[in-house]
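Note sheet for the following structure.
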There are 2 protein chains.
Amino acid sequence: MTAPLSRSVEDYLKTIYRLSERGGAAATSEIAQRMDLAPASVTGMVKKLAESGHLEHVPYHGVRLTGPGRLAALAVVRRHRILETYLIVKLGYDWASVHEEAERLEHAVSDELVERMAEALGSPRYDPHGAPIPTRDGEIEQSDYPSLAQMEVGARVELRQVDDDDPERLRFLKSLGLVPAALLVVTDRQPFGGPIRVKVGGEEGEECVIGMALAACILVERR
Amino acid sequence: MTAPLSRSVEDYLKTIYRLSERGGAAATSEIAQRMDLAPASVTGMVKKLAESGHLEHVPYHGVRLTGPGRLAALAVVRRHRILETYLIVKLGYDWASVHEEAERLEHAVSDELVERMAEALGSPRYDPHGAPIPTRDGEIEQSDYPSLAQMEVGARVELRQVDDDDPERLRFLKSLGLVPAALLVVTDRQPFGGPIRVKVGGEEGEECVIGMALAACILVERR
DNA sequence: GTTCACATTTAGCCTACCCTAACTTTCGAT
DNA sequence: ATCGAAAGTTAGGGTAGGCTAAATGTGAAC
Ligand SMILES: [Mn+2]
Ligand SMILES: [Mn+2]
Ligand SMILES: [Mn+2]
Ligand SMILES: [Mn+2]
């Protein structure tokens, strides 16, 4: 009866969900930038999605997901994160390049397949980049970890999550040992947006220098 | 550089490949029927595929795949059959319903993923329905097995392959034990397209009655 | 050799999504 | 209170891939 959502619609909903995680409405231009589309294209799709009840659109003031829209978005997020986990754990996929594969597959796998993968993995709660995996009925852990960029000198933290959308960045992070569960100590930080210096692996770890833009992509928990 | 082929194009090429396996050109109406499209739609796509060099079109006389077209088709067939095998062997998928899942996934998986699946399976040469899996470079075993419908009373045969495109039919076949490698003995056959009676599992096996349409979907090798 | 049923193609239309260019609204700075 | 830059929307257009209805080609039957 209800036709399946198109790849395009699913990616819009997922993008809007991620933008509205940090509160408030999602702006047309933000959506356009993240999806690499012209703002005019976003306006067009947003009208359709408002029409279909997936979101509310206040012209000139952005969009918010409705209940059904949020559920649809979380279903896509679940598929994406389980796929990433499965590809890495069961098929030896590379931590850095798995995102792209999941970005396509998330629109092609059935719920049955996703649930079989989740089962084969023992129902994981986090994906390989530390992102929480929504449950089948659309619940998701609301972690609100600060980023490494906010930590002061002397802070001892555990790495919780990294942004997964740039393979190059992921490759670099992995080369430094900056993966979930790593223990970090901030040993120095330069003012005016200068780089942060951290020891990776606790007090005895290797030291490395991280620019602010990169540090902002790394979520940590105080220890 | 070369944009990936669309789902639609890949399904056209695969359908035309399957139709041209039994020699000669594929007719517009045959393609339309198999893909559940209007003949006019097929004519339109066929012109584009001829333009792009995937096939040769003699108006009013059907189409033939070119070398590149055949290779593209075999790549899709390889993806489909490896996916089916992987889903059944590694994820406990049902023999009957796996075709539908593979029909979508075959357009979304990367070559890297397919090769990792093939490796995890030990490079299988046949899919779960007995169909040969093309190699990475587009070679495929040319089996030319007769169908059960052509066997005379008394024939002892081994089941080699079954058509996989109807889940209901597959479910029925499995319930009778009619799966690849099963040993069959034809014990009776009625004239004028009447049903065939076979023992499944050799001389001592269960006997069952199979209509002609069904028997034509079952390929066997004499024993 | 004609005829005609059937296969095929053409013509015209539609939906989904994307684009650029032009126009409109908003809101912070003055 | 006004202005103008930035954000957002509207207008118009393109491609991909479907559809129906009408026109046309093919080939077997006569
Ligand atoms: Mn995606
Ligand atoms: Mn991830
Ligand atoms: Mn397909
Ligand atoms: Mn198969």
Side-chain angles (χ1 to χ4, degrees), chain A residues 1-16 19-20 22 24-65 69 72-73 76 103-104 106-108, chain B residues 1-16 19-20 22 24-65 69 72-73 76 103-104 106-108:
Chain A
M1 203 84 257
T2 57
L5 303 178
S6 69
R7 169 174 184 167
S8 180
V9 164
E10 288 188 335
D11 278 335
Y12 271 99
L13 293 175
K14 197 177 64 163
T15 300
I16 293 166
L19 286 170
S20 53
R22 17 128 276 220
T28 300
S29 56
E30 288 174 324
I31 301 167
Q33 196 199 329
R34 288 241 196 174
M35 298 186 68
D36 201 18
L37 297 174
S41 306
V42 173
T43 298
M45 180 60 88
V46 149
K47 284 176 152 189
K48 281 191 222 172
L49 293 176
E51 191 64 35
S52 66
H54 288 98
L55 47 81
E56 285 176 49
H57 180 210
V58 182
Y60 295 99
H61 293 280
V63 298
R64 280 171 205 278
L65 292 176
V76 183
E103 198 57 53
R104 272 176 292 107
E106 65 189 358
H107 314 290
Chain B
M1 201 83 259
T2 55
L5 302 179
S6 70
R7 170 172 185 168
S8 179
V9 164
E10 287 188 336
D11 278 336
Y12 270 99
L13 292 175
K14 198 177 65 164
T15 301
I16 292 166
L19 285 169
S20 52
R22 17 127 277 215
T28 299
S29 56
E30 288 173 325
I31 301 167
Q33 194 200 329
R34 288 241 195 174
M35 296 186 70
D36 200 18
L37 297 174
S41 306
V42 174
T43 298
M45 180 58 87
V46 149
K47 283 175 153 189
K48 282 190 221 172
L49 293 177
E51 191 64 36
S52 66
H54 289 99
L55 46 81
E56 284 176 51
H57 180 210
V58 182
Y60 295 101
H61 293 280
V63 299
R64 280 170 207 279
L65 291 176
V76 183
E103 198 58 54
R104 273 176 292 106
E106 65 188 358
H107 313 290

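We use all heavy atoms of the structure for the numbers below, so side chains are in, but hydrogens, waters and symmetry mates are not. Being a predicted model, the structure only gives us computed values, none of them experimental. Every chain is numbered from 1 and lettered A, B, ... according to where its sequence line falls, protein lines coming before strand lines.
For B:Met35 and D:dG17, the CE to P distance is 10 Å, given to the nearest whole Å. Straight-line distance from the OH atom of A:Tyr60 to the P atom of C:dC23: 13 Å, rounded to whole Å. What separates CG of A:Asp36 from P of C:dC17 is a distance of 18 Å, to the nearest Å. Atom C1' of nucleotide C:dA7 and atom CD1 of B:Ile31 are separated by 13 Å, given to the nearest angstrom. We find that CG of A:Leu49 is positioned 13 Å from P of D:dT9, with the value rounded to whole Å. Atom P of nucleotide C:dA7 and atom CG of B:Leu37 are separated by 17 Å, given to the nearest angstrom. Atom CG in A:Leu13 sits about 11 Å away from atom P in C:dC17, given to the nearest Å. The distance from atom CZ of A:Arg7 to atom C1' of C:dA16 is 15 Å, rounded to the nearest whole Å.
Residue contacts for B:Ser8: at a heavy-atom cut-off of 4.0 Å it reaches the sugar-phosphate backbone alone, with no base atom in range. Residue contacts for B:Ser41: at a heavy-atom cut-off of 4.0 Å it reaches a base atom on one of the strands shown.
The existence of a salt bridge linking A:Glu30 and A:Arg22 is confirmed by a sub-4.0 Å separation between a basic side-chain nitrogen and an acidic carboxylate oxygen. Residues A:Glu56 and A:Lys47 are not paired through a salt bridge, judged by the lack of any N-O separation under 4.0 Å between the basic side chain and the carboxylate. Using a 4.0 Å cut-off between a side-chain N of Lys or Arg and a carboxylate O of Asp or Glu, A:Arg7 and A:Glu106 do not qualify as a salt bridge.
When the side-chain nitrogen and oxygen atoms of A:Tyr12 are compared with OP1 and OP2 of C:dC18, one or more of them lie within a distance under 4.0 Å. A close approach under 4.0 Å does occur between a side-chain nitrogen or oxygen of A:Lys48 and OP1 or OP2 of C:dC17. In terms of phosphate contacts, A:Ser29 brings no side-chain nitrogen or oxygen within less than 4.0 Å of OP1 or OP2 of D:dA6.
In this structure, the side chain of A:Ser41 does not engage the main chain of A:Leu37 through any donor-acceptor pair within 3.5 Å. Under a 3.5 Å cut-off, the side chain of A:His61 and the backbone N or O of A:His57 do not form any donor-acceptor pair.
Nearest to the side-chain atoms of B:Met45 among the listed nucleotides D:dG17, D:dT10, C:dT10 stands D:dG17. For A:His61, whose side chain is taken as the heavy atoms from C-beta onward, the closest listed nucleotide among C:dC27, D:dT10, D:dT20 is C:dC27. With distances taken from any side-chain atom of A:Ala40 to the nucleotides C:dC17, C:dA21, D:dG17, the minimum falls on C:dA21. Residue A:Thr43 has its side chain nearest to D:dT9 when only C:dC19, D:dT9, C:dC17 are considered.
For the pair A:Val42 and B:Val42, nearest-nucleotide mapping onto DNA chain C gives the more 5' position to B:Val42. In terms of position on DNA chain D, the residue among B:Pro59 and A:His57 whose nearest nucleotide sits closer to the 5' end is A:His57.
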